[in-house]
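Structure first, commentary second.
Residue numbers run from 1 in the order of the sequence given. On a predicted model such as this, the values are computed, not experimentally measured, just so you know. Side chains included, hydrogens not; waters and symmetry mates left out as well; all remaining heavy atoms used.
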Amino acid sequence: MKTLVLNASYEPLGVVSTRRAILLVLSGKASTVAASGALLHSRSVVMDAPSVVLLNQYIKVPRRRIPLTRKSALERYGHVCAYCGKYGDTLDHVVPRARGGTHSWDNVVVACFRCNNHKSDSLLAELGWKLPFELREPDLDMASLISLRWNEPQWDEYTTPWRRHQLQLAG
Ligand SMILES: [Zn+2]
């Protein structure tokens, strides 16, 4: 069983085992805001298993970064070639590595085999190509991540407001 942990601001922080969430509650670090309906028995107590807990004290979370891998880049760009919009499953360095381009989110896109091959070690300007978007490091939106990985209807009301909040910031 898994439990959603919210920061004191109600921002989703992550997912822990229900056992660990109970320890947080018993030690006074968190309060249950939604119970799963299941009862947990231990030697001395019977308690409602928490589905969502809220930290009693706000903790500062350092900005999380998404590592750049083939998988994370393909996922981020939805397998869409940055140059022609068709299906792509290769990574392309916008400024080619041979010409000093870095392997980082602000220089890597997804490309189809054809575009990648055609582009080779050229710069976009040399081909008259343009990127249809600005390159930047992706934000890790914890709420989206949680709803992608764990489909718990009970958590929706806690993760959805944050996704909305993020969309507004992005828009
Ligand atoms: Zn292409």
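Atom CZ of Phe113 and atom CG of Asp89 lie 10.0 Å apart (nearest 0.5 Å). Note that CG of Asp92 and OH of Tyr83 are 3.5 Å apart. Values are rounded to the nearest 0.5 Å. Between the CG atom of Asn107 and the CZ atom of Arg97 there is a distance of 8.5 Å, given to the nearest 0.5 Å. Rounded to the nearest 0.5 Å, atoms CG (Leu24) and OG1 (Thr32) are 10.0 Å apart. For the atom pair Tyr58 OH and Glu11 CD, the distance stands at 6.0 Å (nearest 0.5 Å). Rounded to the nearest 0.5 Å, atoms OG1 (Thr3) and CD (Glu152) are 9.0 Å apart.
Environment of CZ in Arg20: sparse, with no more than 12 heavy atoms of neighbouring residues, nucleotides or ligands closer than 6.0 Å.
Inter-residue side-chain proximity for Trp155 and Ser51 is flagged as met; some heavy-atom pair is nearer than 4.5 Å.
Listed here is the closest heavy atom pair of Cys81 and Ala111: SG-CA, 3.7 Å.
Screening residues 123-135 for salt bridge (charged side-chain N to carboxylate O under 4.0 Å, His left out), with sequence neighbours left out, gives Arg99-Glu126.
The aromatic rings of His103 and His93 are tilted relative to each other, their planes meeting at an angle between 30° and 60°. Under the 30°/60° scheme for interplanar angles, the aromatic rings of Tyr77 and Phe133 are found to lie parallel.
No option in Val16, Ile22, Thr18, Val5 other than Val5 meets the side chain to side chain contact (heavy atoms under 4.5 Å, CB included) test with Val53.
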